[in-house]
Amino acid sequence: MLTILGIESSCDDTAAAVVQGTPGQARVLSSEVFTQTAIHADFGGVVPEIAARAHVEKLDVVIAQALSRAGVALAELDGIAVTAGPGLIGGVLSGVMCAKGLSAATGLPLVGVNHLAGHALTPRLTDGIGFPYLMLLVSGGHCQFLLVRGHADYTRVGGTIDDAPGEAFDKIARLLGLPQPGGPAIELCAAQGDASAVPLPRPLLDRAGCDMSFSGLKTAVLRARNAAVAAHGGLRAVDQANLATAFQLAISDILAEKSRRALAAHPVTAFAVAGGVAANGQIRQALQAVCTTLDTEFMAPPLALCTDNGAMIAYAGLERLAHGEYDDLTLSARPRWPLDATSPAMLGSGKKGAKA
Ligand code: KG4
Ligand code: ZN
């Protein structure tokens with residue numbers, strides 16, 4: 001049994017957690033997240049330099065909290081796992097330097113973790129799911145289908161060719177005058193609207209395969225909003241709600257249809273979703289429905305483990321360490337780090353934070 005501290009600082013959440021167990025059978029002893037949302041609110045997006053500085057200020061605090069909530073002393077740990085990429089370089093560096101300091105001071109193994117592997121292995125932490133499984137990773141910085149065959153064996157079988165869906169949610173929220181982060185704000189607003197009032201396209205559904213595109217959808221919402229503003233001299237609440245509802249439905253339709261195709265092309269017994277956008281109720285429901293018709297088990301981690309957190313990093317580190325894999329003090333921070341190095345780089349694959 002291993003007890004691992006996980007540190008995450010690749011975007012706008014400073015997080016630390018303690019996870020204990022073995023591969024496929026682990027539990028979260030503590031998981032602390034300090035979110036920088038309020039710090040970046042005035043800027044309409046994450047400012048990398050401000051994020052890095054805030055990580056430096058908060059890392060030791062969240063780590064101390066995670067250890068104390070878990071009731072575990074530093075000396076009782078078996079390893080220190082840290083996100084070594086992909087992400088905003090300043091933030092990733094802050095975490096890696098902090099983890100190196102802890103490792104040097106304690107002599108504990110340092111385990112560099114790919115942030116995407118953290119998301120992709122989460123269903124093994126929450127449900128003990130076995131390999132292989134298909135994963136839809138869908139967040140503010142990434143959107144891809146991954147065939148997960150082992151803790152270090154990932155094949156990307158499709159993904160976005162431009163924006164990530166979370167990025168689209170955030171931009172559309174701004175366009176509709178809703179607060180950031182856009183996903184939860186749009187979901188709330190969408191509960192009041194009528195999707196049929198605003199016909200929107202479903203880009204790339206006419207093309208075979210599992211690749212997706214969200215940038216044309218964004219332009220279509222912009223046009224529909226401008227038309228509504230021109231017709232009524234401003235954005236009425238009813239138009240705001242209809243636009244939010246239609247946009248959410250379009251994203252949900254695209255993700256569901258492409259998931260159906262990914263599962264048809266790569267039949268596995270379980271389909272899992274992770275990343276911030278997986279918190280969306282309508283999207284979860286649509287994916288669940290696809291799995292029900294294909295007789296595939298559907299897994300969505302609890303919301304707190306869908307968005308960025310330290311537990312997923314601790315768990316991915318646990319899987320590496322259990323296989324005898326760890327790093328030394330030469331571990332470097334990587335702003336770009338595709339999980340599947342064999343597949344060609346995608347055009348955009350989510351621009352926020354220069355993810356994989
Ligand atoms: O995984 P995450 O915490 O951070 C990374 O991007 O790595 O995901 C954050 C993204 C944001 O773009 C946010 O708007 C989106 O996830 N999000 C949602 C919801 N909650 C968060 N999108 C749609 N519906 C939600 N309920
Ligand atoms: Zn993430």
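Numbering of ligands and ligand atoms starts at 1, following listing order. Any value given below was found using the heavy atoms of this structure, including those in side chains, with hydrogens, waters and symmetry copies removed.
Minimum-distance N/O/S atom of Asp308 relative to the Zn ion (ligand 2): OD1. The name of the N, O or S atom in His115 nearest to the Zn ion (ligand 2) is NE2.
Between Arg53 and Glu57, none of the side-chain N atoms (NZ, or NE/NH1/NH2) sits under 4.0 Å from a carboxylate O, so this pair counts as no salt bridge.
Ring-plane geometry between Phe145 and Phe271 is classed as tilted, the angle between the planes lying from 30 to 60 degrees on a 0 to 90 degree scale. Classified by interplanar angle (parallel below 30°, tilted 30° to 60°, perpendicular above 60°), the ring pair His115/His119 is perpendicular.
Heavy-atom proximity to Gly140, at under 4.0 Å, picks out these atoms of ligand 1: 5 (C), 6 (O), 8 (O), 9 (C), 10 (C), 12 (O). Close contacts between ligand 1 and Glu187 involve ligand atoms 25 (C), 26 (N) [criterion: under 4.0 Å to a heavy atom]. Shown in contact with Gly141 at under 4.0 Å from a heavy atom are these atoms of ligand 1, numbered in order with element: 6 (O). Atoms of ligand 1 lying under 4.0 Å from at least one heavy atom of Gly166, given by number and element, are 12 (O).
By the 4.0 Å heavy-atom criterion, Gly182 is counted among the residues contacting ligand 1. Between His142 and ligand 1 there is a heavy-atom distance shorter than 4.0 Å.
With a 6.0 Å radius and a threshold of 12 heavy atoms from other residues, nucleotides or ligands, Asp328 has its CG atom above the threshold. Counted within 6.0 Å of CZ on Arg202, heavy atoms from surrounding residues, nucleotides or ligands total more than 12; the atom is thus considered enclosed. Counted within 6.0 Å of CD on Glu325, heavy atoms from surrounding residues, nucleotides or ligands total more than 12; the atom is thus considered enclosed.
The only member of Ile63, Leu110, Leu59, Leu108 that meets side-chain contact (heavy atoms from CB on, under 4.5 Å) when paired with Leu102 is Ile63.
Under 4.0 Å from ligand 1, heavy atoms of Asn280 appear from its side chain as well as its backbone.
A donor-acceptor contact shorter than 3.5 Å is absent between the side chain of Asp170 and the backbone of Pro181.
Taking only nitrogen or oxygen atoms, main chain and side chain alike, Asp13 does not reach within less than 3.5 Å of ligand 1. Remark: ligand 1 and Phe169 share no N or O pair separated by less than 3.5 Å (distance only, no angle test). An N or O contact shorter than 3.5 Å is missing between Thr307 and ligand 1 by distance.
Looking at every heavy atom in both residues, Ala278 comes nearest to Cys306 through CB-SG, 3.8 Å.
His119 lies close to the Zn ion (ligand 2), since one of its N, O or S atoms is found at a distance under 2.8 Å.
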